[in-house]
Amino acid sequence: MDQSKEQRILNTVSYNAVKGDPESVMKCIDKYCSQYEWAMNVGDEKGLILDKIVEEADPSVVLELGTYCGYSAIRIARLLKPKARLLTIEFNPEFASIAKEIIDIAGLSDKVTILEGHSEDIIPQLKKKYEVETLDFVFLDHWKERYAPDTVLLEECGLLRKGSILLADNVVFPGAPEFLKYVRNNQRFECTSYPSHLEYMQVEDAMEKAVYLG
Ligand SMILES: O=C(NCCCCCn1ccnc1)c1cc(-c2ccc(F)cc2)cc(O)c1O
Ligand SMILES: [Mg+2]
């Protein structure tokens, strides 16, 4: 059975990255996916925007929706202070297992916990099962039609507090129109658009930041 693209990404990281060095893992993935096989990592252009927003927020508890190969989990977790942690939800078991290995190579396993399953099932468990009080930062990068319902669910579960930051990838391409409509017409959110490009391509894309006002 020939290997998956995600397995090939893990191979190149395992072979070429410096163990324990998140930046070298990110560089390795970006190089492979821009030169050999496109993959849906947030990438280096949107990644720089993500870095700045995370650095400014300096969050203690981060939730990521959509782990994929762990690129953005590494991107975010490398910037977190010692006791801070990132929980990331992945539905696809193969992606989850590959991400776990790549995050381990980056040396970030003690900061990152991968939760396998559907976001709508796991979000309601975060308080009791995963000892989350409220979320400081949420990175939305999973099924685009889940962005809006999961935002409603996060609020309903009392996981958002004054100042909680939602950052959504791909609001232009593939697009998340319902999410944009929901947060932009909602007085409880303060929204900012960050125009950029689709990872490794010259296609327009953007990320949307929505700060919860409580
Ligand atoms: O679909 C995307 N991500 C979700 C993957 C499944 C998430 C599963 N999951 C995890 C937790 N709960 C559910 C995505 C797609 C593209 C893209 C761009 C151009 C193109 F031609 C095709 C695709 C670019 C991205 O940056 C993306 O993020
Ligand atoms: Mg994305």
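The basis for the numbers below is simple: all heavy atoms, side chains too, and nothing from hydrogens, waters or symmetry mates. Atoms within each ligand, like the ligands themselves, are counted from 1 in listed order.
The aromatic rings of Phe179 and Tyr147 lie perpendicular to each other, with more than 60° between the two planes, well past the 30° mark. Note: Phe95 and Tyr68 have perpendicular aromatic rings, judged against thresholds of 30 and 60 degrees for the angle between ring planes.
Under the 4.5 Å side-chain heavy-atom criterion for ILVMFWY residues, a single connected hydrophobic cluster contains both Met40 and Tyr32. No continuous path of ILVMFWY side-chain contacts below 4.5 Å connects Leu63 to Trp143, so the two sit in separate hydrophobic clusters.
Contact record, Val171 with Asp205: N-OD1, 3.6 Å, taken as the closest heavy-atom pair.
Glu37 pairs with exactly one of Lys31, Lys5, Arg8 by the salt bridge (charged side-chain N to carboxylate O under 4.0 Å, His left out) rule, that one being Arg8. Put simply, the residue from Leu166, Val61, Ile123 that forms a side-chain contact (heavy atoms from CB on, under 4.5 Å) with Leu135 is Val61.
For the Mg ion (ligand 2), protein N, O or S atoms under 2.8 Å: 3 in total.
Between Asp44 and Lys27 no salt bridge is recorded (no basic side-chain N to carboxylate O distance below 4.0 Å). A salt bridge is defined here as a Lys NZ or Arg NE, NH1 or NH2 lying under 4.0 Å from an Asp or Glu carboxylate O, and Arg85 with Asp110 fails to meet this definition.
Protein heavy atom at the shortest distance from atom 26 (O) of ligand 1 is Glu199 OE2, 2.5 Å. Among all protein heavy atoms, the one lying closest to atom 5 (C) of ligand 1 is Met40 CE, 3.5 Å. Looking at atom 19 (C) of ligand 1, its nearest protein heavy atom turns out to be Phe173 CE2, 3.2 Å.
Closest to atom 8 (C) of ligand 1 by heavy atom, among Trp143, Phe95, Tyr200, is Trp143. Considering only non-hydrogen atoms, atom 18 (C) of ligand 1 lies nearest to Leu198 out of Ile122, Asp169, Asp150, Leu198.
Listed for the Lys111 side chain is no donor-acceptor partner under 3.5 Å among the backbone atoms of Ile74.
Contact annotation: for Tyr68 versus ligand 1, there are no heavy atoms closer than 4.0 Å. In Asn170, the part holding a heavy atom less than 4.0 Å from any atom of ligand 1 is the side chain. Of the heavy atoms in Trp38, only side-chain atoms (C-beta onward) come closer than 4.0 Å to ligand 1.
Less than 4.0 angstrom separates some heavy atom of Lys144 from each of these atoms of ligand 1: 1 (O), 2 (C), 3 (N), 14 (C), 27 (C), 28 (O). When each atom of ligand 1 is checked for a heavy atom of His142 under 4.0 Å away, the hits are 3 (N), 4 (C), 7 (C), 9 (N), 10 (C), 11 (C), 12 (N), 13 (C).
Backbone and side-chain nitrogen or oxygen atoms of Asp141 are examined, and one is located within less than 3.5 angstrom of a nitrogen or oxygen of ligand 1.
For the residue pair Asp30/Tyr200, the side-chain donor-acceptor check at 3.5 Å is satisfied.
Close to ligand 1: Gly66, with a non-hydrogen atom less than 4.0 angstrom away.
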With salt bridge (Lys or Arg N to Asp or Glu O under 4.0 Å) as the criterion, how do Arg161 and Glu133 come out once you've worked through the C-alpha distance, each side chain's angles and the decisive distance to 0.1 Å? CA-CA 9 Å; Arg161 48 104 177 142; Glu133 249 177 74; over 6 Å; no
